[in-house]
Amino acid sequence: MRLRIVDAFTDRPFSGNPAGVVLLEPSEGAATGTGRFPDDTWLGLVAREVNHPETAFAHRLPPGEDADWALRWFTPTTEVDMCGHATLATAHVLRTTGLIDGPVRFRTRSGVLTAAPNPDGTLTLDFPTAPLGPVTAPEDLSAALGAEPLSVLDTGQLGDLLAEFADEAAVRALAPDLRALALVSERGVIATAPAQDPTAGHDFVSRCFFPRFGIDEDPVTGSAHTALAPFWSARLGRTELTGRQVSPRSGVVHTRLMGDRTLLTGSAVTVIDGELLA
């Protein structure tokens, strides 16, 4: 079967967030295109071999179901409940291979998520908005991050802590103790601050750390923007914003807050198209 490597939330190869995409689809020559996923052990081994932040596996669902494709995401160490960039990458592969020409619905562990193509070539994901709430910061958080945040919020089912910093320079300068950081939240930590220069094309910046899931620093995290969108929309007074994740690879996520749903728009580029033999 075919294996693609797609850089998501970028329009340039070798930037954004790389994801493996495996379509378990008969037209792709897949012996496993039977409307179900292969054994979890095999899925995990493939994700570990790909060794990118996420590898997505998808198979087509029969007509009349609540979605068009079933979709699962694996880091090199574990299956996750939600992943934005690998969903974007999967929709990109479906579109560029002619398997879809309009919106597509994915059945996932986070419910039915949709992706829709736009005339400019971007894709828009429809994800649930993360509910933000006050939380007492773990006493080890500042030490683990190497800096003290201005505020810390809980992100509900997303499982992250959202840590606000005074400025973009503080976020860029973070050099966390990843072993210590793995102990302070259920999933990871989102560090964020307002853009240093609002004329640079983005409204806020972020960095995301998920050492518990085998991802020391995620290059561009779509799911984190379901928390960043309501956070910054409340502060900036606008429902449509642009976030730049300032990891070494960097990438851009355009957000639109729509109550309990958040739209995430970005580009994607296929950089490798090969054959999975094992």
Side-chain angles (χ1 to χ4, degrees), residues 7-10 12 14-19 52-54 75-76 80 82-86 88 127 130 132 135 137-138 140-155 158-198 200-233 235-236 241-255 262 264 266:
D7 289 343
F9 292 115
T10 182
R12 296 178 293 107
F14 314 119
S15 60
N17 202 349
H52 282 317
E54 307 282 351
T75 77
V80 298
M82 180 183 291
C83 179
H85 88 277
L88 186 76
F127 272 40
L132 302 180
V135 65
D140 297 332
L141 178 62
S142 295
L145 286 170
E148 186 171 356
L150 296 177
S151 66
V152 179
L153 293 174
D154 177 72
T155 62
L158 196 60
D160 298 329
L161 292 176
L162 192 155
E164 176 192 13
F165 288 87
D167 53 45
E168 181 173 327
V171 171
R172 289 181 178 272
L174 291 175
D177 178 337
L178 295 168
R179 181 175 295 181
L181 204 62
L183 304 177
V184 301
S185 71
E186 181 181 339
R187 189 179 81 147
V189 175
I190 306 165
T192 189
Q196 179 176 331
D197 178 8
H202 56 276
D203 301 290
F204 61 88
V205 299
S206 64
R207 291 175 69 189
C208 296
F209 307 98
F210 307 108
R212 285 192 64 182
F213 285 4
I215 304 169
D216 290 346
E217 180 170 0
D218 199 34
V220 192
T221 313
S223 61
H225 285 74
T226 66
L228 291 164
F231 182 83
W232 288 111
S233 289
R235 280 160 174 73
L236 301 177
L241 300 170
T242 298
R244 177 172 291 279
Q245 200 151 325
V246 290
S247 67
R249 289 177 63 102
S250 191
V252 172
V253 184
H254 303 283
T255 68
T262 296
L264 310 171

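Remember, predicted model here, so these are calculated numbers, not experimental data.
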Distance-only, no hydrogens or angles: does the R249 side chain make a donor-acceptor pair with backbone N or O of G16 under 3.5 Å? yes
For the pair T75 (side chain) and P53 (backbone), establish whether a donor and an acceptor sit closer than 3.5 Å, ignoring hydrogens and angles. no
For the pair H225 and T262, evaluate side chain to side chain contact (heavy atoms under 4.5 Å, CB included) and give the outcome as yes or no after the intermediate values. CA-CA 8 Å; H225 285 74; T262 296; 5.9 Å; no
Could you grab the distance from atom NE2 of H85 to atom NE2 of H52, nearest 0.5 Å is fine? 8.5 Å
Could you walk me through whether Q196 and R172 pass side chain to side chain contact (heavy atoms under 4.5 Å, CB included), step by step? CA-CA 11 Å; Q196 179 176 331; R172 289 181 178 272; 5.8 Å; no
Nearest 0.5 angstrom please: D160 CG to T155 OG1, how far? 4.5 Å
Any sub-3.5 Å donor-acceptor pair from S15's side-chain atoms to R12's backbone N or O? yes
Evaluate the side-chain proximity of D203 to L236: yes if any heavy-atom separation is below 4.5 Å, no if none is. yes
Point-to-point distance, once rounded to the nearest 0.5 Å, from CZ of F204 to CZ of R244: 11.5 Å
Given salt bridge (charged side-chain N to carboxylate O under 4.0 Å, His left out), test E164 with R235 step by step and report yes or no. CA-CA 12 Å; E164 176 192 13; R235 280 160 174 73; 3.7 Å; yes
Taking all atoms of both residues into account, what is the closest heavy-atom pair of F165 and L145, and its distance? CZ-CD1, 3.9 Å
Residue list, salt bridge (Lys or Arg N to Asp or Glu O under 4.0 Å) with D218, at least two apart or on another chain: none
Taking it one step at a time, do R212 and S185 satisfy side chain to side chain contact (heavy atoms under 4.5 Å, CB included)? CA-CA 9 Å; R212 285 192 64 182; S185 71; 5.6 Å; no
Restricting to non-hydrogen atoms, name the atom on A191 and the atom on L174 that form the minimum distance, rounded to 0.1 Å. CB-CD1, 3.5 Å
When rounded to the nearest 0.5 Å, the distance separating CE of M82 from OG1 of T221 is 12.5 Å
Taking all non-hydrogen atoms of both residues into account, name the closest pair between V135 and L161 and its distance. CG1-CD2, 4.2 Å
With no hydrogens and no angle check, is any side-chain donor or acceptor of T192 less than 3.5 Å from a backbone partner on V205? yes
Classify the side-chain pair T242/H254 by whether it contains a donor and acceptor separated by less than 3.5 Å. yes
Distance check, rounded to the nearest 0.5 Å: L132 atom CG versus L228 atom CG? 8.5 Å
Go through the steps to decide whether L141 and L181 satisfy the test side chain to side chain contact (heavy atoms under 4.5 Å, CB included), and finish with yes or no. CA-CA 7 Å; L141 178 62; L181 204 62; 4.2 Å; yes
Determine the minimum heavy-atom distance between L158 and A224, stating which atoms define it. CD2-CA, 4.3 Å
Would the distance check show the side chain of R207 and the main-chain N or O of V171 forming a donor-acceptor pair, the cut-off being under 3.5 Å? yes
Side chain N17, main chain A8, donor-acceptor under 3.5 Å: no
Rounded to the nearest 0.5 Å, what's the gap from OG on S223 to CZ on R187? Could you check? 3.5 Å
Side chain to side chain donor-acceptor pair (under 3.5 Å) evaluation trace for W232 with T255: CA-CA 10 Å; W232 288 111; T255 68; over 6 Å; no
